[in-house]
K.L.:
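First, the structure itself, so that you have it in front of you.
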Amino acid sequence: MRIATWNVNSITARLPRLLAWLESSGTDVLCIQETKCTDEQFPREQLRELGYESAVNADGRWNGVAVVSRVGLDDVALGLPGGPDYDGAQEPRAISATCDGVRVCSVYVPNGREVDHAHYAYKLRWLEALGAAVSGDAAGERPFAVLGDFNIAPTDEDVYDRAAFDGLTHVTPAERAALEALRGQGLTDVVPRPLKYDVPFTYWDYRQLCFPKNRGMRIDLVYGNKPFASAVQDSYVDREERKGKGASDHAPVVVDLNLAQS
DNA sequence: ATGTCCTAAAGATTAGGA
């Protein structure tokens, strides 16, 4: 089974590339973040024509997550139980589903903006709720992964220049401690191999020629439980998809599972 | 030139988010 996660930065703007990539990559299950659409606007029909069912948690201009699958899509759950509000509202940042026996949770972790911003405190509260939400599946016998845009670089090696992030979000001890807590629940960081250069960055800012200069970050993560991690045959960042006109600022992370022997 | 892109809005540019 080929599973992937991709922050598409608007599924409407990305639709031609998304459909082409699903076909060319042979992805069975794709976790999507930043759909930036309403539930009604989600392109279910175009995906259905390619053989994919869709589970969607989206409500408009910002955020929005989905799982699309051509190998089944059951027991869909939207959001995080007990997840925090922001500006008095729950945001669509998580969705879970079971696809041919594999449980996935597609997440778009709040950005945090600045360390002294209310959004940063919200980010940490949201991660705490995520930890509580996945604890049962993390310890379970069924293959499970929480994957998506975590907006955190797990180590200093996961950013192009640590000094450039002094005082900024994405690299703070508190954010990294939240990831460590997830790993402490039995989840493994399934680190993909890069297709070029040494570090498997997954995101490059649109600005200042970051992609050509490879000024990237590894913030799109796959955290799998033991049954999931032990079934991983290969994982890579498809940085080719970051190239050219009409690209997202994130590249897909692809994971191949061999479930027969696990 | 923040060497950009995406969204929405009493919009034809501005504001907000990343």
Side-chain angles (χ1 to χ4, degrees), chain A residues 5-21 31-43 46 56-66 83-94 106-127 130 147-154 158-161 163-172 175 178-179 201-221 237-253:
Chain A
T5 181
W6 190 12
N7 179 325
V8 296
N9 186 20
S10 170
I11 199 165
T12 308
R14 216 63 59 217
L15 192 58
R17 285 186 76 132
L18 171 65
L19 297 176
W21 185 80
C31 293
I32 299 173
Q33 300 85 38
E34 283 210 85
T35 59
K36 290 186 171 178
C37 66
T38 63
D39 186 80
E40 295 74 25
Q41 290 166 334
F42 193 89
Q46 291 95 322
V56 181
N57 185 10
D59 67 3
R61 184 176 185 182
W62 307 117
N63 313 309
V65 288
D85 288 359
Y86 189 72
D87 266 354
Q90 289 274 321
E91 296 178 320
R93 293 180 175 276
S106 172
V107 296
Y108 177 48
V109 175
N111 174 286
R113 298 182 189 164
E114 291 157 22
V115 172
D116 59 359
H117 197 288
H119 210 257
Y120 178 80
Y122 167 57
K123 181 180 195 173
L124 296 180
R125 284 199 304 275
W126 199 92
L127 286 161
L130 178 65
L147 62 171
D149 178 359
F150 281 74
N151 271 313
I152 303 170
D158 295 310
V159 295
Y160 68 92
D161 176 8
F165 290 85
D166 272 347
L168 302 183
T169 61
H170 293 57
V171 299
T172 66
E175 290 167 285
L179 292 182
F201 294 146
T202 65
Y203 163 81
W204 300 259
D205 198 302
Y206 284 126
R207 294 167 286 191
Q208 297 177 291
L209 297 176
C210 281
F211 183 65
K213 293 177 179 175
N214 198 34
R215 292 181 180 168
M217 309 171 72
R218 186 172 76 92
I219 57 176
D220 298 271
L221 309 175
V237 179
D238 192 352
R239 73 186 301 284
E240 295 300 308
E241 195 52 41
R242 180 62 180 77
K243 294 182 178 177
K245 199 166 175 58
S248 170
D249 42 2
H250 296 251
V253 176

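We name chains A, B, ... by the order of the sequence lines, and we start the count at 1 in each one.
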K.L.:
Not counting sequence neighbours, which residues clear side chain to side chain contact (heavy atoms under 4.5 Å, CB included) with L19(A)? List them please.
P.N.:
L15(A), Q46(A), L47(A), L50(A)

K.L.:
Using the ring pair (Phe, Tyr, Trp, His ring centres under 6.0 Å) criterion, which residues pair with F165(A)? Sequence neighbours excluded.
P.N.:
Y160(A)

K.L.:
Between E34(A) and C37(A), who's closer to the 5' end of DNA chain B by nearest nucleotide?
P.N.:
C37(A)

K.L.:
Could I get the full list of side chain to side chain contact (heavy atoms under 4.5 Å, CB included) partners for K213(A), not counting sequence neighbours?
P.N.:
L209(A), R215(A)

K.L.:
Show me the pairs that pass side chain to side chain donor-acceptor pair (under 3.5 Å) and involve residues 10-19 of chain A, at least two apart or across chains.
P.N.:
R17(A)-E241(A)

K.L.:
Going 5' to 3' on DNA chain B, which nucleotide is the first and which the last to come under 4.0 Å of a heavy atom in chain A?
P.N.:
dT2(B) to dA18(B)

K.L.:
Does anything in residues 210-219 of chain A reach DNA chain B, meaning a heavy atom under 4.0 Å, and if so which residues?
P.N.:
none

K.L.:
Assuming nearest nucleotide by heavy-atom distance, tell me which of G246(A) and P110(A) is located more 5' along DNA chain B.
P.N.:
G246(A)

K.L.:
Does R242(A) count as lying over the ring of F211(A), i.e. NZ or CZ under 6.0 Å from the six-ring centre, within 45 degrees of the axis?
P.N.:
yes

K.L.:
Output every pair passing salt bridge (Lys or Arg N to Asp or Glu O under 4.0 Å) with a member in residues 203-212 of chain A, not counting sequence neighbours, ordered by first then second residue.
P.N.:
D205(A)-R207(A)

K.L.:
Just jot down the side chain to side chain contact (heavy atoms under 4.5 Å, CB included) partners of D116(A), sequence neighbours excluded, or say none.
P.N.:
E114(A)

K.L.:
If the P atom of dA10(B) is compared with that of dG16(B), how far apart are they to the nearest Å?
P.N.:
14 Å

K.L.:
By side chain to side chain contact (heavy atoms under 4.5 Å, CB included), which residues pair with P92(A), not counting sequence neighbours?
P.N.:
N57(A), D59(A), N63(A)

K.L.:
Taking atom P in both dG3(B) and dT7(B), compute the distance separating them and give it to the nearest angstrom.
P.N.:
22 Å

K.L.:
Sticking with atom P, work out how far dT13(B) lies from dA1(B), rounded to a whole angstrom.
P.N.:
22 Å

K.L.:
For atom P, what is the distance between dG11(B) and dA15(B), given to the nearest Å?
P.N.:
14 Å

